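For reference, the structure is listed below as C-alpha cells.
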Amino acid sequence: MGLRRPSRWPLLRQLRGEDRLGLGEAARSDRSAALRPRTESADRVVSSVCPYCAVGCGQRVFVRHGRVIQIEGNPASPVSRGRLCPKGSASKQLVTGPQRELKVRYRRPYGTEWEELDLTRAMEMIADRVLETRAETWDGRLHRTLGIASLGGATLDNEENYLIKKLFTGLGVVQVENQARI
C-alpha cells in the first residue's frame with residue numbers, strides 16, 4: 001500500500017474543512033465508504049434474551065441461511081435498552097465457537113473408562129431415566145414424586161429458572177431449589 005498524499009489525510013481534511021469534529025466527511029475514507037454492516041446480509045432477526053446472568057438483557061440475533069451471523073443488544077428491551085456487557089456481546093461464540101461441545105463424556109455405572117456420546121443420545125438417556133424414576137417413585141395419593149429433585153445455580157438466568165420450575169412442577173417434583181435461596 002503506497003503513501004497517500006497529505007491532502008487525503010483525515011486529520012488535514014478535518015482541520016481544513018467544515019467538519020471540525022471529524023464526525024462526517026472528514027472521517028470518511030475510500031475504505032470506510034466501502035464497508036457494509038455485518039447484519040446487512042441477515043435474512044431474519046430473532047429476539048432473544050442473553051443467556052449469561054439473571055438480568056435478562058434483550059438481544060437481537062441475526063440469522064442467514066439458518067446460521068447465526070451476529071448478536072447485538074436489542075434497543076426495544078426495557079431491561080438493557082440495546083446495551084450488552086462484554087460477556088453478552090460475545091455470546092455469539094456460544095453457538096458458533098469452535099470450542100462448543102457437541103458430544104458429552106459418559107462413564108457407565110461401575111465403569112473405569114469414559115466414552116463419548118452425541119448430544120442427542122445423552123438427552124434421550126436423561127429423559128428415559130427421569131421418566132423411569134418418576135414412575136417408580138410416584139405417590140398417586142398426593143400426585144407427586146420425591147424421587148427427583150433440582151438444585152439450580154447462580155449461572156441460570158430468570159428464564160431458565162422459570163422453565164426448570166415449570167418442567168419439574170409438571171412432572172410432580174416438589175423439591176426444586178436454587179442456590180440463591182440457600
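The structure displayed is predicted, hence computed values, not measured ones.
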Audit row: D139, L146, side-chain contact (heavy atoms from CB on, under 4.5 Å) steps and yes/no: CA-CA 8 Å; D139 181 344; L146 297 178; over 6 Å; no

Stepwise, does the side chain to side chain donor-acceptor pair (under 3.5 Å) test hold for Q59 with S91? CA-CA 10 Å; Q59 292 183 324; S91 60; 2.9 Å; yes

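Heavy-atom neighbours of M123 CE from other residues, nucleotides or ligands within 6.0 Å: at or below the threshold of 12. Within a 6.0 Å sphere centred on CZ of R67, other residues, nucleotides and ligands contribute 12 heavy atoms or fewer. For E40, the CD atom counts as densely surrounded, since its 6.0 Å shell holds more than 12 non-hydrogen atoms of other residues, nucleotides or ligands.
Using a distance-only test at 3.5 Å, with no hydrogens or angles considered, no donor-acceptor pair links the side chain of R144 to the main chain of V174. T145 places no side-chain N or O within donor-acceptor distance of the main-chain N or O of G172, the cut-off being under 3.5 Å.
Residues R60 and P75 meet the side-chain proximity criterion, which asks for heavy atoms closer than 4.5 Å. Between K166 and L163, every side-chain heavy-atom pair lies at or beyond the 4.5 Å cut-off. By the 4.5 Å heavy-atom criterion applied to side chains, V104 and L119 are counted as neighbours. Using a 4.5 Å heavy-atom threshold, the side chains of V55 and V79 count as touching. Side chains of I69 and T39 form no contact here, defined as non-hydrogen atoms less than 4.5 Å apart. Here the side chains of V46 and V63 are in contact, with some heavy-atom distance below 4.5 Å. Y106 has its side chain within reach of M125: a pair of non-hydrogen atoms, C-beta onward, lies under 4.5 Å apart. Looking only at side-chain heavy atoms (C-beta outward), L94 and Y52 come within less than 4.5 Å of each other.
The CZ atom of R44 sits 12.5 Å away from atom CZ of F62, with the distance rounded to the nearest 0.5 Å. Rounded to the nearest 0.5 Å, atoms CD (E116) and NZ (K103) are 6.0 Å apart. Once rounded to the nearest 0.5 Å, the distance linking CD of Q93 with OG1 of T96 reads 7.0 Å. Rounded to the nearest 0.5 Å, atoms OG (S89) and CD (E72) are 9.5 Å apart. In this structure, OG on S48 lies 9.5 Å from CG on N74, to the nearest 0.5 angstrom. The CD1 atom of I148 sits 8.0 Å away from atom CG of L131, with the distance rounded to the nearest 0.5 Å.
In terms of heavy atoms, I164 sits closest to S150 at CG2-OG, 3.8 Å. Between G58 and S77 the shortest heavy-atom distance is N-OG, 3.4 Å. Across all their heavy atoms, C57 and L84 have their closest contact at CB-CD2, 3.9 Å. Nearest approach of L171 to V130, heavy atoms of both residues: CD1-CG1, 3.9 Å. For G140 against H143, the heavy-atom pair with the smallest separation is O-CE1, 3.2 Å.
A salt bridge does not link E113 to R108: none of the charged nitrogens lies less than 4.0 Å from a carboxylate oxygen.
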